[in-house]
Every structure is written in structure tokens, then in C-alpha cells.
Number of protein chains: 2
Amino acid sequence: MAGRRGQATRQKLLTCLDEMLSSSPYRDVRVIDVARRAGTSPATFYQYFPDVEGAVLELAEEMSKESSSLSELATDRQWTGKAGWQTAEELVDGLLSFWRENDAILRVVDLGAAEGDKRFSKIRTKVLNGITGPLADSIGKLQSKGKADPDISPAAVAGSLVSMLASVAGQQKAAQSWGAKKSDLKPNLAYLLYLGVTGRKPSR
Amino acid sequence: MAGRRGQATRQKLLTCLDEMLSSSPYRDVRVIDVARRAGTSPATFYQYFPDVEGAVLELAEEMSKESSSLSELATDRQWTGKAGWQTAEELVDGLLSFWRENDAILRVVDLGAAEGDKRFSKIRTKVLNGITGPLADSIGKLQSKGKADPDISPAAVAGSLVSMLASVAGQQKAAQSWGAKKSDLKPNLAYLLYLGVTGRKPSR
DNA sequence: TACTTGTCCTGTCATGTCGTCAGCTTACCG
DNA sequence: CGGTAAGCTGACGACATGACAGGACAAGTA
């Protein structure tokens, strides 16, 4: 589809778009600005992408591939005793830093999904399901061993917990306004995560 | 500042803007479309608002006033036994329907806040703190009675729980993709809320 | 080095939105 | 009914969009 030079230009446009998204509101990102920043012209941009949204989708796709590393933080993990607490802490930590590294694109994906755009929903689902799936499995296993409330739906609980983490991660700046110290955030998220999965208070 | 007729036009523009936000992506909402829908001209729009964002802020401000009704769902509530379970259910119910009624403006507020715009952060904080505040108080009281984990931060836990509810509420369409039934959502959110506040499984 | 070929980039243009101003219309009051 | 102020709009320059044709460039050939 495109040669070596073309690929480079295309990639540069994507990189510059990502920078623009980080520094200015999504609504105000213009093709002409992205092109200028990449040292090229709007016409070139349109050669590779149908519009800003199209290019954003590419960025999101890239990001969703990298998100597979998040799955590892939730698959085949211990959820009992101190090991369980460590699992919770690592999961919170991993998710928070992934969100910090990709905050610009993630908030646009969130918006797109909330607006009902299937393409964005799909990507958001892929990222979140990477964690929600294994987490639901863990809850299911605890249930079958009688170690978790049998009345809950593993999928709904896992999904809600991951939503919580993602939402707090996406609004980290605003979080202080609750009156909570910044350092309080991680341990308390881990607490809620552990509590939600196991139904018991963590033994730290 | 403005007479009777002016107020009416202004309000009509806001209403039409709200409708536009519900039916098309925020990024694509144009002044000219809002004006046309209101049966007036772009010039009139600019007489009342500096730009689309400015008008959206007005809408958000209105919404944040209505959100005070949410506070009542969390102030002076019982959190023990069956009464506690009812409190949780009512809070989840109230929040979910408030979000359903105001989803368009709420997602724009979320975006603005995530992008670091103080004006939107302030509004988001006002809406969420209406619940987070009283909820944190309840947790604090439980703590002082020895009925909740003394090591947690009431503010951080309350904030995270409310974030969870808000986030799930904002992505209700996407929620099915977890593999959870729609009817599972509410009871499981109430379960997590009760669990987070009290540290114990609910007695339904 | 000169020529050829296919890839890649850009100047330019028609279309449409933005945001402003002067001037016109409407409602209200004496 | 005429005057006044509030409210609305046509029109305009500036700018973004998206399409195309043609120019610039790298790489291979002789």
C-alpha cells in the first residue's frame, strides 16, 4: 500500500497528532495544525487519513495493541491472603501508569464510545476486556470454591471494578478535589479492588 | 443584561444545543447547525455566547444545579443491615437515571475535565462531590464506631466508588460487551457500593 | 551521468464555517 | 402614533476542508 518513505510520513503525522491531542482540546485539533507540526501540508494528511477522527482511530488501534500487556497483570493471579493484596496493588499500579502514558488518546476513545461510535466502543472494549475477562474468571473460580458471594455476577463486578480504575485513572488531576491526598489513591483503589473481587477485607 | 425576548432566544439556543449534543459527536457540533435548528442565525448565537464551548458551559452549569437532588440520596442515610442495602440500591438507581437524563452534557464535561479545563473540572467536582462528600462522612462515622476498616481514607474510597458509578453510568451501552446481562448491572453495582462503604457483604 | 519509472508531496481551487459589524426589524412606552 | 432601545440578520474577510493534477524525489538501468 505504501513505500518506506510514505510509511515514515504517515507515522510522523500520527506522532504529531498524538502530541496535539495531549496539548490542546480534541475539539480544536485541526488537520492544518497537525500537518504544519509534521513539516508537511494538509493535502499530505488527507492522502493517508480520511479526517482527524480517522487518524485518531489508528492511534487508538495502536494503543489497544499495547494494552495486551495489561492482561498479564490479571491472568492466573492469586487472590487470597497477602499474595492477593499484591495482585491488587500491581493491577492498580499497572493500570494507572498505562492510563498516564496514554491519557490523551484514551479520553478521546472514551468520548467516542460514550457517543455510541461502534469503532471506538470496540477499541475501548478490547482494552478493558483484557483485564475484565481474566478478573471475571478469577471471581468465578473463587465463587466455585465458596470463597466469594455466590449471588454476584463475576462479569458485572469485574467490569464495574475495571471501570472504576479506568475512570479514576483518567481523572487523576481532578482526584485531589475530593479532599483525598494523592498518595491515598493507590492503596484505597487496591483496597476496593481486593474487596470487590474477594468480598473480604485485605490482609496487608 | 437581557430582556424577555432575548432570554427566550438564548434559552432556545441552549435547548437546541443540548439536542445537537445528544444526536451528533461533540466535535462536529457547529454554531451554524445550532442556530438553524433554533430558527435563527449564527450572528444571534454569537450575541449570547462566545462560542460552542461557552454555551456548553452554561448547559453544564444548569445541569450541576439540578444535580443537588443527588446529594439527598447520600446524606443522613443508614448503612447497616437491610436499610444499608436499600440505601445502596437507591443511590445506584438515582445516579444511573440522572446520568441517563443528562448523558450528552455529562460526557462533554468529563472530556473537558480530563483535558484539564478548570471550568469543566469545577462543574464535574460539584456534581460528584454532592455525593462523594456525604458518602465520605458516612464512611467516617462507620470508622469511628469501629464498623469499617480504620486504615482506609473515607474521601478516597467515596470518590472512587462514585467514579465507578459515574463511569458505568456513562457507558451503559457498552456495558453489555463485558458479557454481563443488563439486569445484572444495578444489583452488582449496589453490591460493590455497599461492600466499599461498609467493608462487609450486604444482607439482602 | 543521463534517462526512466513509480512513489510521494504540494499548489491551488471550490466549498463551507467562523466570528464581526453596520444596519434593519420588532416590541414597548409615552 | 412616533420615538427609542433591544434584538436580529445579511454580508464580509479570514480560515479550514477535501479533491486533483502536476511537480519533486529516490532508485534502478545503461
Side-chain angles (χ1 to χ4, degrees), chain A residues 1-62 104-105 108 111-112 115 117 119-120, chain B residues 1-60 62 104 108 111-112 115 117 119-120:
Chain A
M1 278 300 260
R4 228 181 57 256
R5 192 155 71 109
Q7 286 297 332
T9 320
R10 188 187 152 88
Q11 193 54 50
K12 173 144 210 182
L13 283 166
L14 283 177
T15 306
C16 292
L17 172 58
D18 200 13
E19 290 166 15
M20 294 296 300
L21 286 176
S22 305
S23 63
S24 56
Y26 179 45
R27 199 169 195 283
D28 299 340
V29 171
R30 302 262 164 273
V31 168
I32 198 169
D33 300 319
V34 177
R36 252 202 289 269
R37 179 181 275 254
T40 180
S41 75
T44 302
F45 181 96
Y46 286 108
Q47 202 158 36
Y48 295 106
F49 311 103
D51 49 23
V52 171
E53 201 185 65
V56 164
L57 269 167
E58 296 270 323
L59 272 180
E61 215 93 50
E62 258 180 38
I105 187 70
V108 177
L111 176 68
E115 280 172 345
D117 188 315
R119 301 165 302 172
F120 285 109
Chain B
M1 281 297 265
R4 227 183 57 257
R5 192 154 72 112
Q7 286 298 333
T9 316
R10 189 188 152 89
Q11 194 53 50
K12 173 144 210 183
L13 283 166
L14 284 177
T15 307
C16 293
L17 172 58
D18 201 14
E19 290 166 14
M20 295 294 302
L21 285 176
S22 304
S23 63
S24 57
Y26 180 45
R27 199 170 194 282
D28 298 341
V29 171
R30 304 264 165 265
V31 169
I32 198 170
D33 300 320
V34 178
R36 254 202 289 267
R37 178 180 275 256
T40 180
S41 75
T44 302
F45 182 96
Y46 286 109
Q47 201 157 36
Y48 295 105
F49 311 104
D51 49 23
V52 171
E53 201 185 65
V56 164
L57 269 167
E58 295 271 322
L59 271 181
E62 258 180 37
V108 177
L111 176 70
E115 280 172 345
D117 188 314
R119 299 165 303 171
F120 286 109

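In what follows, chains are A, B, ... by sequence order, proteins preceding strands, each numbered from 1.
If you check C:dT10, D:dG7, D:dT9 against the side chain of B:Thr44, the one that comes closest is D:dT9.
A straight line from CD of B:Gln7 to P of C:dC28 spans 15 Å, rounded to a whole angstrom. If you take CD of B:Gln11 and P of D:dG7, they are 15 Å apart, rounded to a whole angstrom. Spacing between atom CZ of B:Phe49 and atom C1' of D:dC8 amounts to 15 Å, rounded to whole angstrom units. For the pair A:Leu13 CG and C:dC8 C1', the computed distance is 12 Å after rounding to whole Å. Regarding A:Tyr48, its OH atom lies at a distance of 16 Å from the C1' atom of D:dA19, rounded to whole Å. In this structure, the CG atom of B:Asp28 is 13 Å from the C1' atom of D:dT17, given to the nearest Å. The CZ-C1' distance, from A:Arg5 to C:dG6, rounds to 11 Å in whole Å.
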(request) Check step by step if side-chain contact (heavy atoms from CB on, under 4.5 Å) holds for B:Thr9 and B:Gln47. (result) CA-CA 10 Å; B:Thr9 316; B:Gln47 201 157 36; over 6 Å; no

(message) Using salt bridge (charged side-chain N to carboxylate O under 4.0 Å, His left out), reason through A:Glu19 and A:Arg37 one step at a time and then give a plain yes or no.
(response) CA-CA 9 Å; A:Glu19 290 166 15; A:Arg37 179 181 275 254; 2.5 Å; yes

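Taking all atoms of both residues into account, the shortest heavy-atom contact from B:Gly6 to B:Tyr48 is CA-OH, 3.2 Å. A:Tyr26 approaches A:Val56 most closely through the heavy-atom pair CE1-CG2, 4.0 Å. Nearest heavy-atom pair across A:Ser22 and A:Ala104 is OG-CB, 3.5 Å.
Phosphate proximity of D:dG7 to B:Thr9: absent, as no side-chain N or O sits under 4.0 Å from OP1 or OP2.
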At a cut-off of 3.5 Å, list every protein nitrogen or oxygen paired with a nitrogen or oxygen from nucleotides 11-19 of chain C, distance to 0.1 Å.
| unit_1 | atom_1 | unit_2 | atom_2 | d |
| --- | --- | --- | --- | --- |
| C:dC18 | OP1 | B:Val31 | N | 3.4 |
| C:dC18 | OP2 | B:Ile32 | N | 3.3 |
| C:dG19 | OP2 | B:Tyr46 | OH | 2.7 |

Under 3.5 Å, sequence neighbours excluded: what are the donor-acceptor pairs made by side chains of residues 28-35 of chain B?
none

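In this structure, A:Phe45 reaches neither bases nor backbone, as no heavy-atom distance under 4.0 Å exists between it and the strands shown.
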